[in-house]
Amino acid sequence: MTGGGSGIGRGISARLARDGAAVVVVDVDPEAAAETVGLIEAAGGQALAARANVADYDQIRAAVDLGHASYGRLDIAVANAGVFRTGTIRDVTPDEFRGQVDVNMTGVFLTVKAAVERIIESGRGGRIVCISSEAALTTGARVWTYSATKAAVKMMVRGWAQELGQYGINVNSIGPGLIDTPLARFQAGREGGDLRAVVERRRPVGRVGTPDDIAGMVAFLCGPDASYITGSYFLVDGGSRDSYSAPALSEEARQERRSLMAEAAERDQMTRALMDGLEL
Ligand code: NAD
């Protein structure tokens, strides 16, 4: 479980542990990983922490090997670690671009590559889930690097599914919509303030997503009911994708939405980024 020290990764780790898995919580931040392990153990689950940067193959392989040596097998791998950085083509430096690709795209490749070797070795097959984003389907002037890395995850998974079926390995990706995590809050520039109110109005389900919403989909994809599913991408976004054009809204409601978004965008980098892709 990469990026297991925070947000969505912590939620998935806790859910898989609750369902009976022994979880290797991998994170570049060892204290965050240890905290997740503490939470799992306090709830009666089994977990250990491993420090690794997913962009470094030796480090991620060592983490996979540690888990394999400790628990004797590897059945599930979740490639979740990722970063969200925004910027226009004129703003983004070559190093910033490479940095985001290194974690979000290369990091997923290296995680899955390391895990696949151990799963194949076991001969029992397994499940792999990669965390993409709703941004794999849409983009904007400030989020194109992020979108490109997440679209890459979605497409790599489709290719891998073709190869890995022969070993009994199913591999799928999930596209979360906006989920309330430290990453989203950091980008919003505050602790769940106005952006949350704006998003709640914009989603048919009427609320922001939580890590548990994504963890539930991971649990399904790793469970017995998903054996016929591989190479697929699952959007878990509270219906926000089609709410962007909002054809059923009255002109008054549209006006209210426009001014809410404009007000929030003045204060909020992530809303500005989201607005690049919105048709209001
Ligand atoms: P988060 O920042 O709360 O947690 C990410 C974790 O990954 C952190 O613990 C961090 O230390 C770790 N990490 C970062 N770089 C790493 C690296 N190089 N190696 C190992 N660990 C690393 O973020 P989150 O919101 O929980 O996001 C998790 C995933 O979900 C990311 O891939 C993100 O792109 C994706 N996602 C998030 C949202 C959202 O709204 N929060 C929406 C769509 C997709």
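What you see is a predicted model; the values in this text were computed from it and never measured. FYI, the numbering just counts along the sequence from 1. Whatever order the structure lists them in is the order used to number ligands and atoms, beginning at 1.
- Residue R10 places every heavy atom at 4.0 Å or more from ligand 1.
- Here R61 does not pair with E117 in a salt bridge; the nearest charged N to carboxylate O distance is not below 4.0 Å.
- When V108, I179, D27 are ranked by how near their heavy atoms come to atom 39 (C) of ligand 1, first place goes to I179.
- If you number the atoms of ligand 1 from 1 as listed, the ones under 4.0 Å from a heavy atom of G177 come out as 40 (O), 42 (C), 43 (C).
- In terms of N/O distances under 3.5 Å, ligand 1 is not approached by V83.
- Proximity to Y146 (heavy-atom distance under 4.0 Å) selects the following atoms of ligand 1: 33 (C), 34 (O), 35 (C), 36 (N), 43 (C), 44 (C).
- R10 and T36 share a donor-acceptor pair across their side chains, judged by distance under 3.5 Å alone.
- Atoms of ligand 1 lying under 4.0 Å from any heavy atom of G3, numbered from 1 in the order shown and given with element: 6 (C), 7 (O), 12 (C).
- Closest non-hydrogen pair, Y71 versus V23, comes out as OH-O, 4.2 Å.
- The backbone and the side chain of S6 each have at least one atom closer than 4.0 Å to an atom of ligand 1 (non-hydrogen atoms only).
- Looking at ligand 1, you won't find any N or O of V26 less than 3.5 Å from one of its N or O atoms.
- Near G82, with a cut-off below 4.0 Å to any heavy atom, the atoms of ligand 1 are 31 (C), 32 (O).
- Of all the heavy atoms of P211, none lies under 4.0 Å from any atom of ligand 1, so neither backbone nor side chain is involved.
- Here atom 17 (C) of ligand 1 lies nearest to N53 when heavy atoms of I174, N53, D237, T36 are compared.
- Side-chain atoms of T139 and S147 include a donor-acceptor pair closer than 3.5 Å.
- Results of the side chain to side chain contact (heavy atoms under 4.5 Å, CB included) test with P176 over D237, I214, N80, D213 single out I214 as the only residue that passes.
- The side-chain heavy atoms of T181 and P211, taken from C-beta on, include a pair separated by under 4.5 Å.
- Near V103, with a cut-off below 4.0 Å to any heavy atom, the atoms of ligand 1 are 15 (N), 18 (N).
- Ligand-side atoms of ligand 1 in range of G7: 3 (O), 26 (O), range being under 4.0 angstrom from any heavy atom.
- The distance criterion of under 3.5 Å between nitrogen or oxygen atoms is met by V54 with respect to ligand 1.
- Annotation for A79 and V112: closest pair CB-CG2, 4.4 Å, computed over non-hydrogen atoms.
- The closest approach between a heavy atom of G209 and any atom of ligand 1 is not below 4.0 Å.
- In this structure, A52 counts as a contact residue of ligand 1, since one of its heavy atoms falls inside 4.0 Å of the ligand.
- Here CG of L16 is found 8.5 Å from CD1 of I40. Values are rounded to the nearest 0.5 Å.
- Under 4.0 Å from ligand 1, heavy atoms of L178 appear from its side chain as well as its backbone.
- Under the 4.0 Å criterion applied to side-chain N and carboxylate O atoms, D29 and R51 are not assigned as salt-bridge partners.
- Of all the heavy atoms of K150, the ones lying under 4.0 Å from any atom of ligand 1 belong exclusively to the side chain.
- In summary, the side chains of T149 and Q100 do not present any donor paired with an acceptor at a separation below 3.5 Å, with no hydrogens or angles considered.
- Taking each heavy atom of Y233 and S133 in turn, the nearest pair found is OH-O, 2.7 Å.
- Remark: among candidates V78, I131, N80, D56, the nearest residue to atom 32 (O) of ligand 1 is N80, based on non-hydrogen atoms.
- The existence of a salt bridge linking D75 and R127 is excluded, since no basic side-chain nitrogen approaches an acidic carboxylate oxygen closer than 4.0 Å.
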